[in-house]
Asks: 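Just passing along the structure, written as structure tokens.
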Amino acid sequence: MSSAPIPGTSQVIEILPASEGAGRLVIVRETTLCGRSHLLLRQESYQPGVGWYAQGQVPIDPQQLRGLKALLTAPVVRDSVRPRSLGRGGEKHFGSGPNTLRIAR
């Protein structure tokens, strides 16, 4: 039985410990008072006497989540690296190595 998200709440989906040190990445589903949901990536650190506290967080909207999913599930392509436009300013990005991830559209 699944339930609809409750507006104005947060639900921890996963906690990923850091490979070194006292840090972790917390993946949270937040639902606004309007009922819209988004994913939140929260970097946390631990200090004795303080406990876990947030260092920073990044909200991921549904469109970004689709792109992130495609990126993380795409096979690694070993071919020539071509520059790609990254945004409105027309900046170009050149890969630093022979491996690039191609995102299916």
Side-chain angles (χ1 to χ4, degrees):
M1 178 176 135
S2 68
S3 60
I6 300 169
T9 61
S10 296
Q11 175 188 10
V12 174
I13 296 173
E14 188 68 55
I15 298 174
L16 306 172
S19 58
E20 295 179 9
R24 65 185 185 182
L25 179 66
V26 181
I27 303 169
V28 178
R29 177 182 179 180
E30 286 197 340
T31 305
T32 65
L33 292 174
C34 299
R36 289 189 164 169
S37 291
H38 65 270
L39 199 65
L40 185 70
L41 304 178
R42 187 169 61 217
Q43 183 66 44
E44 295 184 348
S45 293
Y46 181 83
Q47 288 293 323
V50 176
W52 289 102
Y53 59 96
Q55 289 281 355
Q57 58 188 26
V58 176
I60 308 291
D61 67 37
Q63 182 178 351
Q64 291 171 320
L65 184 57
R66 284 189 295 277
L68 182 60
K69 180 180 177 184
L71 175 70
L72 294 175
T73 59
V76 175
V77 178
R78 295 180 188 274
D79 63 341
S80 63
V81 179
R82 297 181 312 218
R84 296 180 300 184
S85 175
L86 292 180
R88 298 181 187 115
E91 308 90 358
K92 299 289 184 182
H93 170 73
F94 293 88
S96 59
N99 297 330
T100 60
L101 294 175
R102 193 173 302 227
I103 300 174
R105 294 185 189 244

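Sequence positions, counted from 1, serve as the residue numbers for this chain.
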Asks: Could you pull out all residues at least two apart from Gln47 that satisfy side chain to side chain contact (heavy atoms under 4.5 Å, CB included)?
Replies: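 Side chain to side chain contact (heavy atoms under 4.5 Å, CB included) list for Gln47, sorted by chain: Val50, Tyr53.
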
Asks: Hydrophobic clusters join Ile, Leu, Val, Met, Phe, Trp and Tyr when side-chain heavy atoms are under 4.5 Å apart, directly or via other members; which others share one with Trp52?
Replies: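 In the cluster with Trp52 are Tyr46.
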
Asks: So, using side chain to side chain contact (heavy atoms under 4.5 Å, CB included) as the criterion, who are the partners of Glu30 when residues are at least two apart?
Replies: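 Ser10, Val28, His38, Leu40.
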
Asks: Under the rule for salt bridge (Lys or Arg N to Asp or Glu O under 4.0 Å), what residues qualify as partners of Arg24, not counting sequence neighbours?
Replies: Glu44

Asks: Transitive ILVMFWY cluster of Leu16 at side-chain heavy atoms under 4.5 Å: who else is in it?
Replies: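 Answer for Leu16: Ile13, Leu25, Ile27, Leu39, Leu41, Val58, Ile60, Leu65.
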
Asks: Minimum heavy-atom separation for Ser37 and Thr31, please, with both atom names.
Replies: OG-OG1, 3.1 Å

Asks: The criterion is side-chain hydrogen bond (donor to acceptor under 3.5 Å, both in side chains); which residues satisfy it with Ser45, sequence neighbours excluded?
Replies: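 Gln55.
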
